[in-house]
Amino acid sequence: MKTKILVTREVFDETLEYMAQYCEVESNQADVPLDADTLARRLQGCGGVVCNLTDCIDEPLLVRCPQLRVAANIAVGFNNIDLAACTARGVMATNTPEVLTDTTADLAFALMLATARRLTEAEAYIRNGQWRGWHLKQLLGVDVHHATLGIIGMGRIGRTIAKRALGFEMRVLYHDPIRQPADVERQLNATYVTKDELLAQADFVILQMPYAPETHHLIGAAELKKMKPSAILINSTRGGIVDDAALVQALRDGTIRAAGLDAFEGEPKINPGFLGMKNVVLAPHIGSSTEATRRAMAMTAAKNAVAALTGSKPPNLLNKLSVRA
Ligand code: GLV
């Protein structure tokens, strides 16, 4: 008998077709978000779940779903999964690294360019019928080329952003708990600095570290004050890393110039302060959202789940577990 697997939100047809070769697949193709009770109920009898960052895979859920053997996240970040609880209960947890690195780095860059050059404001200016013709001081932005970029979080995506910055001839500073090897620093022309040095010197600060209790409000009022008044903050990773209320205040009082945001505290709720601000570019957590990448992410998660349920080690296993056949 095939093991049952639940796919918690809509995925692509080929993802379902692949899994159906190995498992009995139940999928929420209607894409209605499942609350904790519904998720637990629908997981009864399931050996696997293909989930995403809006599903909370925590201890209470695991207690209610003792047959669960794998939680395959369709995301590289996995702060929605209690990894320690999974490990303690022998549940494999997996993510989707690599396949989204370039796409997410592109979005960080897009946010940086859009914010520096005031693109969303410029577009609204045209759409609102305000444009009366070219003039010298129209929508003056700031240059990205040759500016100083500070990257906090130098994992795969951070390094790929640094690679993009080479083409813009930027000076790159970075900070991370782990320093990169000298040859990587050389290739990327990236200089390791303290967080405070980075905040004080960067024209653009891009946040690209995972969310964890240690990174909660890593950027708050005190850090924003350390940035230059001309600086722009880009959050292309997770909500909660920035204290959004402090950021709204900093943007209001000119502590920093602008922000480009693809992640929000408590999303999809957004601090209403951002909505009326011209110096903020907003995106609804679309860092990895290209057709090719989202298809690749869904298939990666499917392959992880199938491997776990058919006795192989999932390629992207997060916890250190021996695989149960
Ligand atoms: C998206 O935010 C991801 O972690 O993949």
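What's counted below: heavy atoms across the whole structure, side chains too, no hydrogens, waters or symmetry copies.
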*Do Y174 and Q180 meet the criterion of a side-chain donor-acceptor pair at a distance under 3.5 Å?*
no
*asked:* Around atom NZ of K278, are there more than 12 heavy atoms from other residues, nucleotides or ligands closer than 6.0 Å?
replied: no
*Locate the shortest heavy-atom distance separating R238 from A75; write the atom from each residue and the value.*
NH2-CB, 4.4 Å
*Is the closest side-chain donor-acceptor distance between T103 and D106 under 3.5 Å?*
no
*Heavy-atom side-chain proximity of T255 to Q249 below 4.5 angstrom*: no
_Could you check whether atom CD1 of I126 has more than 12 heavy atoms from other residues, nucleotides or ligands sitting under 6.0 Å from it?_
yes
_Minimum side-chain heavy-atom gap V63-R89 below 4.5 Å_ = yes
*When you measure from the side chain of T237 to the backbone N and O of M209, does any donor-acceptor pair fall under 3.5 Å?*
yes
_E185 and R179, any side-chain heavy atoms less than 4.5 Å apart_ = yes
*asked:* Could you check whether any side-chain N or O of N271 sits under 3.5 Å from a backbone N or O of G273, counting only pairs where one atom can act as donor and the other as acceptor?
replied: yes
*Heavy atoms only: give me the nearest A298-V11 pair and the separation to one decimal.*
CB-CG1, 4.4 Å
*Give me the one residue out of C46, C23, S27 that meets side chain to side chain contact (heavy atoms under 4.5 Å, CB included) with L6.*
C46
*Check for a donor-acceptor pair, side chain of H285 on one end and backbone N or O of A263 on the other, with a separation under 3.5 Å.*
no
*V172 and L166, any side-chain heavy atoms less than 4.5 Å apart*: no
*Please examine the side chains of V50 and M19, heavy atoms only from C-beta on, and report whether any two atoms are closer than 4.5 Å.*
yes
_Least distance between heavy atoms, S236 atom then D262 atom_ = CA-CB, 4.3 Å
*asked:* Looking at A202, is its backbone amide N or carbonyl O close enough to the side chain of K228 to form a donor-acceptor pair, meaning the two atoms are under 3.5 Å apart?
replied: no
*In this structure, which one of N52, L16, N28, V49 forms a side chain to side chain contact (heavy atoms under 4.5 Å, CB included) with V7?*
L16
*Should D102 and R164 count as an ion pair when the cut-off is N to O under 4.0 Å?*
yes
*Where the side chain of T293 meets the backbone of T290, is there a donor-acceptor pair that is under 3.5 Å apart?*
no
*So do the side chains of L309 and Y22 get within less than 4.5 Å of each other, counting heavy atoms only?*
no
*asked:* Minimum heavy-atom separation for T94 and A72, please, with both atom names.
replied: OG1-CA, 3.2 Å
*Decide whether D196 and T194 meet the rule of one side-chain donor and one side-chain acceptor closer than 3.5 Å.*
no
*Would you indicate whether the side-chain heavy atoms of I57 and C51 approach each other to under 4.5 Å?*
yes
*asked:* Between D37 and R64, does any NZ, NE, NH1 or NH2 come within less than 4.0 Å of an OD or OE carboxylate oxygen?
replied: yes
*Would you say the side-chain atoms of H217 and E265 include a donor-acceptor pair closer than 3.5 Å?*
yes
*Donor-acceptor under 3.5 Å (Q44 side chain, A40 main chain)*: yes
*Contact summary for R118 and L139, nearest pair of heavy atoms*: NH1-C, 3.4 Å
_Ignoring hydrogens, what is the shortest heavy-atom contact between A296 and V99? Give both atom names and the distance._
CB-CB, 4.0 Å
*Neighbour count above 12 (heavy atom, 6.0 Å) for K163 NZ*: no
*Out of N304, N73, T300, which one pairs with N316 under the side chain to side chain donor-acceptor pair (under 3.5 Å) rule?*
N304
_Let's go through L282 and L275 carefully: what are the C-alpha distance in whole Å and the side-chain angles of both, what is the deciding distance for side-chain contact (heavy atoms from CB on, under 4.5 Å) to 0.1 Å, and is it a yes or a no?_
CA-CA 9 Å; L282 304 169; L275 300 179; 4.0 Å; yes
*Any side-chain heavy-atom pair of T215 and P210 under 4.5 Å*: no
*Which one of L207, I161, T115, V205 satisfies the side chain to side chain contact (heavy atoms under 4.5 Å, CB included) criterion with I234?*
T115
